[in-house]
Structure formats: structure tokens, C-alpha cells
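Read the structure below first, then the notes.
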Number of protein chains: 2
Amino acid sequence: MAFSKPLVAASSRPMILAILQEGTSYGYKIIQRVREISGGQMEWADGMLYPVLHRLEKEKLIQSQWMQSEEGRHRKYYSITELGKETLHQEKEAWISMNQIMLNLWDLKPAK
Amino acid sequence: MAFSKPLVAASSRPMILAILQEGTSYGYKIIQRVREISGGQMEWADGMLYPVLHRLEKEKLIQSQWMQSEEGRHRKYYSITELGKETLHQEKEAWISMNQIMLNLWDLKPAK
DNA sequence: TCGTTGTACATAGATAATCTATGTAACTTA
DNA sequence: TAAGTTACATAGATTATCTATGTACAACGA
């Protein structure tokens, strides 16, 4: 299964927001979570994730905090903001709508 | 309902391919068809569509032919190629997979 | 016959985004 | 101590969208 670039691009923001709505997390762990929920189908490179996280933070959809974990690890923890939750809700609705449109289109004349 | 740019971008190619799989069509009519299948939710500007059509043709997923309609209209008709049908099939599978991943993610912790 | 609206295609240029490659550094484990 | 993993960051190339603008003809009403 190869996901097209635009499809990955369309999913990245709502996916990150949804993962952070599960609870506070950090870059490296988000990548693992993506692999997990996709059943190994998606592999995000870290160089892909961090710029997206920075953009989301700039837009105030998420916020970050440097913290020391118990093992002594220095990590940047991200959490979703109220604005982020609202945005996620909207993006979720848009996704479902778009999916319905695509399914309708395909059902008329299913791909052979 | 406002669709995000990336979501529109992700849908444009499979949508055009699916519309052309219904039968030969041309730019202006494709825009109307998009409006129709989306229940008026999507409005494509012509300046958005034509570059995508040109790209798809360059990739040999569709092919074009200038024709004179009965009313005397000069139109560029597009039809899907075999390669285009295969690509549509793959993109459809990828879309369905991605949708499943998103639904799984959202079901774990539904957006409030 | 003139102006407006609709049909029909095209592209330039600004903007925005991804994605690869690369760099840094600390911790873990063999 | 070497290799692998964890962890974050950014530069630069590439790619794509999207707005604005241009052309042209048909249809229709005033």
C-alpha cells in the first residue's frame, strides 16, 4: 500500500491533532503511534513530522513544553489546545464529508 | 463546510479520474460535475482544474482531443487511459485504507 | 447593437507545503 | 567503545496549489 503524497499531507494534521487529543506526547512517540495505528502501513520520517509540529504550534493548535523525563531524557512534550480541539472537530467533519463524496462517486461507476 | 487545501488536493486527482471513468468529458463540465456530486459543497475554480488536467495528461493518465460540438463549440475532451484506470484503482484503495486509519484513530477517543 | 452573463480554455507568478538530507547529541546495550 | 536507538532541528530542493488575469465566442435581453 503506497499512500500518495497529497493523501499523506491531508491526513497529517488531523492525525497529529487526534493523537495529541489522546494525551500529551512528543515527536518520537508520535511517529511510533502513527506506525501503530496504521498497522505498519505508514512510516513518518522525523524530518517530516517536526516542521508540521512547529507549524501547528505557530497556529496555536498545539503547545509545547520542554521537560525532563524520569530516565533523564530531555523531551519536548506537545499537548492540544482548545483551538486545536475545535480545529480537529472541523477537520474530522470535512474528512467524513469528503469521504462520502468519494464513495458516492465511486459507487456510480466502481473502478474495475 | 470548509474543506482544507490539503484535503482538496488529495481528492482532486482521484475525483477527476473517477469522473472521466464515467465517460469522456471536458473542463467546464467536470467543474459542474464536481459541484453536483458534492451537493454544492465543492466549487472548483477553472484556474485550479486546468493545470491538474495538464499534469494528468503529461503523466498519461488521461488523454485529450479537441472537438467541435454540435452547437459549434470548440472543446477539449478528455478521456481516461488504461494507466489512468489502474492509477484510479490504486488511489481508491489507498483512500479507503487511509480513511479506515482515521476512523480507527477517532473512534479510540472521539473528538468532543 | 450593446452590455452582461455564461461557456470554455490557458498561464504567469505568488505562495505554501512537503520531503530528503544532514546535523547534533544523549542514552542504551552488547 | 562501538553500534543502535532515542530525540529534536533545519536548510534547500522540489513540488503543488491558488489567485489573478487574459482570450474568445455564444446567448440573451434591453
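Just so we're on the same page: letters track the sequence lines, and every chain starts at 1. These numbers come from the heavy atoms of this one structure, side chains and all, not from hydrogens, waters or symmetry mates.
By the criterion of side-chain heavy atoms lying less than 4.5 angstrom apart, applied directly or through intervening Ile, Leu, Val, Met, Phe, Trp or Tyr residues, B:Ile30 is grouped together with A:Met102 in one hydrophobic cluster.
A:Pro6 comes within 4.0 angstrom of nothing in the nucleic acid, heavy atoms only. Within 4.0 Å of A:Trp44, counting heavy atoms only, lies no atom of the nucleic acid at all. Residue B:Gly27 is classed as a sugar-phosphate contact, given heavy-atom separations below 4.0 Å to backbone atoms only.
At whole-Å resolution of the value, CD in A:Glu57 and P in D:dC8 are 12 Å apart. Whole-Å rounding puts the B:Met48 CE to C:dA12 P distance at 19 Å. Rounded to whole Å, atom P of D:dC8 lies 9 Å from atom NE2 of A:His74. The CD-C1' distance, from A:Gln65 to D:dA7, rounds to 17 Å in whole Å. Protein atom CD of A:Glu59 is 12 Å distant from nucleotide atom C1' of C:dA16, rounded to whole Å. Note: CD1 (B:Ile30) to P (C:dA10) measures 11 Å, nearest angstrom.
Closest to the side chain of B:Pro51, out of C:dC19, D:dA7, C:dT11, is C:dT11. When distances are taken from the side chain of B:Tyr78 to each of C:dC9, D:dT6, C:dA10, the shortest belongs to C:dA10. Across D:dT10, C:dT7, D:dC18, the shortest atom-to-atom separation from the side chain of B:Lys5 is found for D:dC18. Side-chain proximity of A:Arg75 to D:dC18, D:dA7, C:dA10: nearest is D:dA7. Nearest nucleotide to the side chain of B:Lys76, out of D:dC18, C:dC9, D:dA7: C:dC9.
The line from CD1 of B:Ile19 to CD1 of B:Ile62 is 11.0 Å long, rounded to the nearest 0.5 Å.
Between the side chains of B:Thr81 and B:Gln63, no donor N or O sits under 3.5 Å from an acceptor N or O.
Side chain of A:Gln41 to backbone of A:Ser38: a donor-acceptor contact under 3.5 angstrom is found.
For the pair B:Arg13 and B:Glu59, the salt-bridge criterion is met [side-chain N within less than 4.0 Å of a carboxylate O].
Judged by closest nucleotide on DNA chain C, B:Asp46 is the one of A:Arg73 and B:Asp46 placed further toward the 5' end.
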